[in-house]
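Quick notes on the structure that follows.
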Amino acid sequence: MLDIKYIKENKEIVKKALNDKQLQGTVDIDLLVATYDEYTELLKKVEIHRNLRNSISKDISRVSPEEKQKLLEEAKHVKDELQEMEEKLKVLKAKIDELMLWVPNVPAKDVPFGENEEGNTIIKQEGVVPEFSFEPKDHLELGEALGIIDTKRGAKLGGFRSYFLVGKGMLLEQAILRYALDHMVAQGFTPMNVPVMLDKKYFVGTGYFPWGSEDHYVTQDDLALVGTAEVSLTSYYADEVLDESQLPVMLAGQSPCFRREVGGYGKDTKGVFRVHYFTKVEQVVLLPEGEELSVEWHDKMLGFAEDILKGLNLSYRVLLMCTGDMGAGQRKKYDIETWFPSQKIYRETHSDSYFLDFQARRLNIRYKDREGKIKFVNTINNTVAATPRLLAAVIENYQQKDGSILVPEVLRKYTGFEKIEPNK
RNA sequence: GGAGGGAUCGCAUAGUGGUCUAGUGCGGCGGUCUUGAAAACCGCUAUAGCCGCAAGGUUAUCGUGGGUUCGAAUCCCACUCCCUCCGCCA
């Protein structure tokens with residue numbers, strides 16, 4: 001959420017953001033500002049009336065019985081007028097609240113314009129693309145042959161995009177997650193196990209709703225299932241006031257992630273690349289205000305994710321996302337794409353975004369600065385490791401000619417084995 | 001699933017229709033005293049909005065939302081959360 005005063009004073013900037021982010025027609029900024037002006041005008045009148053009501057009421061308890069009758073009649077009259085105005089005021093407020101939810105964040109100055117993913121810029125590429133003396137297989141073919149990925153029985157039980165990870169495949173997945181989590185703990189992050197069914201207001205708060213509500217599952221108790229631990233971690237301090245000395249808050253959460261993938265029916269139908277349920281280690285940081293600091297941490301957190309991929313010896317590249325391919329709430333976003341030998345392309349495995357106070361305003365997360373002033377925190381989040389997608393990358397990149405999978409060096413202390421081989 | 005109790009200014013508590021502009025204690029901040037500290041004493045102690053150069057004024061907020069009333073922390077209704085007990089359960 002942006003400050004309504006900022007919107008009012010920077011209407012053209014906000015409208016441009018709306019267009020650049022390809023969100024044309026989702027919210028009428030002129031209507032919002034006009035409604036807000038109408039609201040503040042009426043609010044002034046209401047407050048004058050409330051003042052009048054309050055002072056008459058106070059007098060009633062003090063004056064003589066004769067005067068009391070007179071005041072009572074006057075008070076009734078004021079009350080009726082007030083009721084009418086307050087009714088209108090409530091309607092206006094609701095309208096503003098609704099419109100405000102749809103106002104996106106303004107992209108940072110260095111975010112390139114682009115209508116879709118074609119506008120993204122590759123800013124770096126790291127690691128060595130593995131060369132194979134044979135035609136590399138995809139993770140599904142390898143996983144099925146080794147008996148570690150079973151999408152057939154997954155689909156039998158849970159439909160399309162369901163899967164089982166079996167035996168050493170499951171252990172390798174756990175190793176990846178633990179490796180990622182340990183790395184974040186080593187950086188000073190607090191590891192967290194988080195609730196994954198949350199009140200919808202926290203999805204609104206983090207900016208997933210209203211835009212992405214279609215991609216989320218909802219329980220019969222009207223809680224939504226998280227698509228990422230970001231929602232739980234970022235909302236952890238909702239409605240609280242921190243002290244500046246507590247910042248930066250550095251949280252690393254592991255959680256199941258649920259996504260309906262309604263926009264991706266035909267996409268990535270093979271294997272466990274795009275699934276309805278996966279597990280992810282996520283990093284979230286709350287900072288004092290100031291874009292420079294956010295930029296610094298945004299890059300730092302990108303580095304933590306890169307550490308994981310470097311440790312796994314996977315080749316990756318980093319993309320600066322263009323306006324049309326970033327979330328409504330985001331100020332700037334990097335994606336990391338990791339090399340998938342079977343597809344011979346880099347595919348998204350990580351997403352790193354900063355928001356300034358966009359999420360904090362929606363979630364009402366504030367802090368008291370050194371002068372005692374109350375301000376909104378700034379928020380950032382990034383993937384650390386998401387599996388089975390990253391598992392698939394490991395499987396494909398570490399495949400051997402005989403169909404076995406070598407376990408990356410850094411994971412061996414977690415798996416306790418060095419290779420996944422066909423049974424007999 | 002059933003029964004009962006509760007939610008008040010950072011914490012603990014008081015407050016059952018108007019002097020609540022929410023009392024008291026603790027904590028915190030400032031001051032007096034002191035070589036320094038403690039103790040004692042004095043003062044201050046929330047958030048958001050609006051008006052104002054400022055001083056200040058004003059509105060809202062006692063879990064949330066509605067209602068009754070001239071007036072609600074207080075009465076009524078609904079909801080949320082917490083606690084205790086019973087049952088069930090990993």
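Lettering of chains follows the sequences in order, A, B, ..., and the numbering in each one begins at 1. Model, not experiment: these values are computed from the prediction.
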Could you tell me how far B:rC44 sits from B:rG57 if I compare only their P atoms? Round to whole Å. 15 Å
Side chains of A:T219 and A:D221 only: does a donor on one sit below 3.5 Å from an acceptor on the other? no
Can you pull out the residues from residues 356-364 of chain A that lie within a 4.0 Å heavy-atom distance of RNA chain B? none
A:D239 CG to B:rA48 P: how many Å, rounded? 13 Å
Spacing of CE belonging to A:M1 relative to CZ belonging to A:F355, to within rounding of 0.5 Å: 14.0 Å
Nearest-angstrom distance, P atom, B:rC20 to B:rA73: 13 Å
Go through it in stages, so that I can follow the logic: the residues are A:T383 and A:K280, the test is side-chain hydrogen bond (donor to acceptor under 3.5 Å, both in side chains), and I'd like the CA-CA distance, side-chain angles, deciding distance and then a yes or no. CA-CA 7 Å; A:T383 317; A:K280 179 156 65 76; 5.0 Å; no
Whole-Å gap separating C1' (B:rG65) and CG (A:D97): 14 Å
G-U wobble or Watson-Crick pairing nucleotide for B:rA60 (cut-off 3.5 Å, both distances): B:rU47
In whole angstrom, give me the gap between the P atoms of B:rG30 and B:rC82. 38 Å
Can you measure A:L82 atom CG to B:rA60 atom C1' for me and round it to whole angstrom units? 13 Å
Test salt bridge (Lys or Arg N to Asp or Glu O under 4.0 Å) on A:E86 and A:R50 and set out the steps. CA-CA 10 Å; A:E86 283 186 328; A:R50 281 179 184 159; 2.8 Å; yes
Mind running a 4.0 Å heavy-atom check of residues 33-49 of chain A against RNA chain B and sending the residues that fall below it, in number order? A:K44, A:E47
Within this structure, what is the CZ-to-P distance between A:R50 and B:rA72, rounded to whole angstrom? 11 Å
Would you please name every residue forming a salt bridge (charged side-chain N to carboxylate O under 4.0 Å, His left out) with A:R153, sequence neighbours left out? A:D150
Under 3.5 Å side-chain donor-acceptor pair for A:E141 and A:Q399: no
Between B:rG27 (P) and A:D243 (CG): distance, integer Å: 20 Å
Tell me which nucleotide, if any, is Watson-Crick or G-U wobble paired with B:rU84 when both distances must be under 3.5 Å. B:rA3
Taking OP1 and OP2 of B:rU58, is either one under 4.0 Å from a side-chain nitrogen or oxygen of A:N51? no
If I pick the P atom on B:rC26 and the same atom on B:rG43, what distance separates them, to the nearest angstrom? 14 Å
For the side chain of A:R366, starting at C-beta, report the closest nucleotide among B:rA60, B:rC50, B:rA48. B:rA48
So, applying side-chain contact (heavy atoms from CB on, under 4.5 Å) with A:R366, which one of A:N364, A:D369, A:L363 is it? A:N364
Do the non-hydrogen side-chain atoms of A:Q330 and A:V111 ever get within less than 4.5 Å of each other? no
Quick one: look up who B:rC26 pairs with, Watson-Crick or G-U, both distances under 3.5 Å, and put none if it's unpaired. B:rG10
Can you check the A:K93 NZ to B:rC50 C1' distance for me, whole Å? 15 Å
Under 3.5 Å for both donor-acceptor distances, Watson-Crick or wobble: does B:rU34 have a partner, and if so which one? none
Atom CD of A:E86 and atom P of B:rG71: how far apart are they, to the nearest Å? 10 Å
Counting only side-chain N and O atoms of A:N54, is one of them less than 4.0 Å from OP1 or OP2 of B:rG71? no
Output the distance between atom CZ (A:R347) and atom CD (A:E396), rounded to the nearest 0.5 Å. 10.5 Å
Under a 3.5 Å cut-off for both distances, is B:rA72 Watson-Crick or wobble paired, and to whom? none
If I pick the C1' atom on B:rA12 and the same atom on B:rG6, what distance separates them, to the nearest angstrom? 15 Å
Considering only residues two or more places apart or on different chains, which pairs with a residue in residues 158-175 of chain A satisfy side chain to side chain donor-acceptor pair (under 3.5 Å)? A:E173-A:T387
Quick check on the 6.0 Å ring-centre criterion: do A:H350 and A:Y316 meet it? no
A:G227 and A:F278: which non-hydrogen atoms are nearest, and at how many Å? O-CZ, 4.0 Å
Polar atoms only, N or O, under 3.5 Å: list the protein pairs with nucleotides 67-70 of chain B and their distances.
unit_1, atom_1, unit_2, atom_2, d
B:rC70, O2', A:S57, OG, 3.0

A:R331: salt bridge (charged side-chain N to carboxylate O under 4.0 Å, His left out) partners, not counting sequence neighbours: A:E291
Whole angstroms only, please: what is the CD-C1' distance between A:E371 and B:rC29? 16 Å
Taking the same atom, P, in B:rG25 and in B:rC79, what whole-Å distance lies between them? 40 Å
Determine the interatomic distance between C1' on B:rU19 and the same-named atom on B:rG71; round to the nearest Å. 14 Å
Using the P atom as the reference point in each nucleotide, state the distance between B:rU13 and B:rC86 in Å, no decimals. 25 Å
